[in-house]
Amino acid sequence: MSRWLPRAYLTLVYLLLYVPIGILVLFSFNDSRSGYTWGGLSLRWYQSLFNNNAMVEAMWNSLWLALSAATVSTVIGALTALALHRYRFRGKKMLNGMLFVVMMSPEIVLAISLLALFLLVGIQLGYVSLLLAHVTFCLPFVVITVMARLSGFDERLPEAARDLGASDFTMTRTVLIPVIMPALLAGWLLGFTLSLDDVVVSTFVSGPSYEILPLRIYSMVRVGLKPEVNALGTLLLVFSLVMLMLSQWILSRSKR
Amino acid sequence: MATPSDLFCHQLIRRFGNHPAVDGISLDVPAGTFFSILGPSGCGKTTLLRLLAGFDRPDEGDIYIRGERMNRVPPNHRPVNMVFQHLALFPTMSVGDNIAYGLKRQRVPAARRRQRVEQVLEQVGLPGLSGRMPSELSGGQRQRVALARCLVLEPTLLLLDEPLGALDLKLREQMKVELKHLQKQFGTTFVYITHDQSEAMVMSDQVAVMKDGRFDQVAAPEELYREPATAFVAGFVGDNNRLRGQVVSVSGDRAQLRLTGGAIVEGRLAAPLEPGASADLYVRPESLVLSDGEVAEGLSRCRASVRTTLFDGANSRVETDIGGEPVFARLPQHGSAPSLSAGDSLQLAWEPDRARVFGAATP
């Protein structure tokens, strides 16, 4: 009794988490037209997905956007974190606090204000507006991840490198970046994920010239979901698993 | 001047705000010396070391390393390397890469680097460990890697910032001896800072005792111990007892003091004092002779009462009380020690030449 109850509870929790995903994967190979009945194994939905040009284009758009947003926010975020960590300057506390404001404020508020800003400045809604918006909401996550890593950073390491003959640039390349690499990677992946599945902000700041995946799927829901979506979900799942394993591999290599 | 000293400093001053952390330090360290700077925390010794390493610049004064002025030379261009307090080994690099780091900056070819790394690891007693990560090493091994990382560059000067502080007591004792051997073996000039007087005494050729940004005394360990120049040095280096009193008479370099308890005692003056001046007499525990009766001619003496005995092997002591102040005396180790218990009265005697009299710090 005392043994099976915790196990049953744990099993239930994991079932709740993974059964929907499992069903999605399973039904992506379903030959039936309906989303609710099983009609044998088939790859037809994968085929129809890749024949759906609008969908494929939206997927590439989304990947490209997530890639660039994650990269830009990692670069800016890492530099911000370094500045916040290393220097004392006027307005440091405020800058720190404002990062949290961006993180905590409802997405809808960010979305409306960004839209208003873009219209005011005259930025055409499309890739650029999406990129700026995604970098904005990814940035705090990168900064906080990198700052957490830096808080455990031995301040003597840069000095030791300098003492052993390294220039500032060499020190950064050989000592600082390897130490904060796990945080950079984690921040980048976080940004990538946030960007890839954002709906609210993207709805407001995207234009007809640049359609991205979440919005495409969302618009499909209204006309009725085709099992194609299951195939797409499965592909995204595989993709994120590969990314996860890749990051684990890089981390374990840098730790060795 | 034949060959210039490895390190020569003239009137170094470094202020933080109005507070001079280093306040007019001059020093001269000949090649091959183990030179220690000993002082309590906050005395400015770390600031001084950072000036020498180049992480900080003096407000006034000059630093010469082997005859070359270093004031404006950045740390990566000084022939000086430093072993940091917490070692600062690069956590993402193997032992070999840590040690090769400086060689790589000097563009030493890879094959030669590997050879030098293996050689220096051998010299510090860690052959074959170049593939390990620093996190896989013990405290003592890490210590040696930090040393090897500097020594492989053959610096003119090796600075050490209390590197033994993080080790446990037993290992620290062992490393003290080891460091001294390594210094002799490499022949590199060491500048070692510490607040632990025993570290400084055991390892050094010369010790500078630092207080409030200045050197109180620079001398060989034995001289420091036997002939402290100031009351601070007398109290800081080694165990010492302080008896407070007033000078009643002076003859030559001898002074007689009346202690607060009324007893008259005698010691050697460190600096001239007038009768009537407040003064402190310092006498070391091992200079005190215990007796319960007659005392040899010519010794100064004083009655004391036993507080407690402290057994610690060869370092066993008895704590006594003279006029309300604690006075420690070494217990003889040849078994003839009188059996002592709290409240017993006994006589403490000493050779007046082995007691030092300083003017009291505050009037």
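Residue numbering restarts at 1 for every chain, and letters A, B, ... go by the order of the sequence lines.
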With the side chain counted from C-beta on, respond yes when [X] and [Y] share a heavy-atom pair under 4.5 Å apart, and no when they do not.
{"X": "Asp154(A)", "Y": "Pro91(B)", "answer": "no"}
{"X": "Arg156(A)", "Y": "Leu87(B)", "answer": "no"}
{"X": "Phe90(B)", "Y": "Thr174(A)", "answer": "no"}
{"X": "Glu159(A)", "Y": "Met82(B)", "answer": "no"}

Heavy atoms from other residues, nucleotides or ligands near [atom1] of [X] exceed 12 (cutoff 6.0 Å):
{"X": "Glu68(B)", "atom1": "CD", "value": "no"}
{"X": "Glu57(A)", "atom1": "CD", "value": "no"}
{"X": "Phe16(B)", "atom1": "CZ", "value": "yes"}
{"X": "Met98(A)", "atom1": "CE", "value": "no"}
{"X": "Phe89(A)", "atom1": "CZ", "value": "yes"}
{"X": "His85(A)", "atom1": "NE2", "value": "yes"}

Considering all heavy atoms of both residues, which atom of [X] and which atom of [Y] are nearest to each other, and what is their separation?
{"X": "Leu89(B)", "Y": "Leu157(A)", "result": "O-CD2, 3.4 Å"}
{"X": "Arg105(B)", "Y": "Gly165(A)", "result": "CB-O, 3.8 Å"}
{"X": "Tyr101(B)", "Y": "Thr170(A)", "result": "OH-O, 4.1 Å"}
{"X": "Pro74(B)", "Y": "Arg162(A)", "result": "CB-NH2, 4.2 Å"}

Honestly, the part of Asp163(A) sitting under 4.5 Å from a heavy atom of chain B is both
Among Leu159(B), Asp97(B), Val80(B), Asn76(B), the residue with the most heavy-atom pairs under 4.5 Å to chain A is Asn76(B)
If one checks every heavy atom of Arg132(B) against chain A at 4.5 Å, the contacting part turns out to be neither
So, the part of Arg149(B) with a heavy atom under 4.5 Å from chain A: the answer is both
CG of Leu164(A) to CD1 of Ile99(B), rounded to nearest 0.5 Å, is 11.0 Å
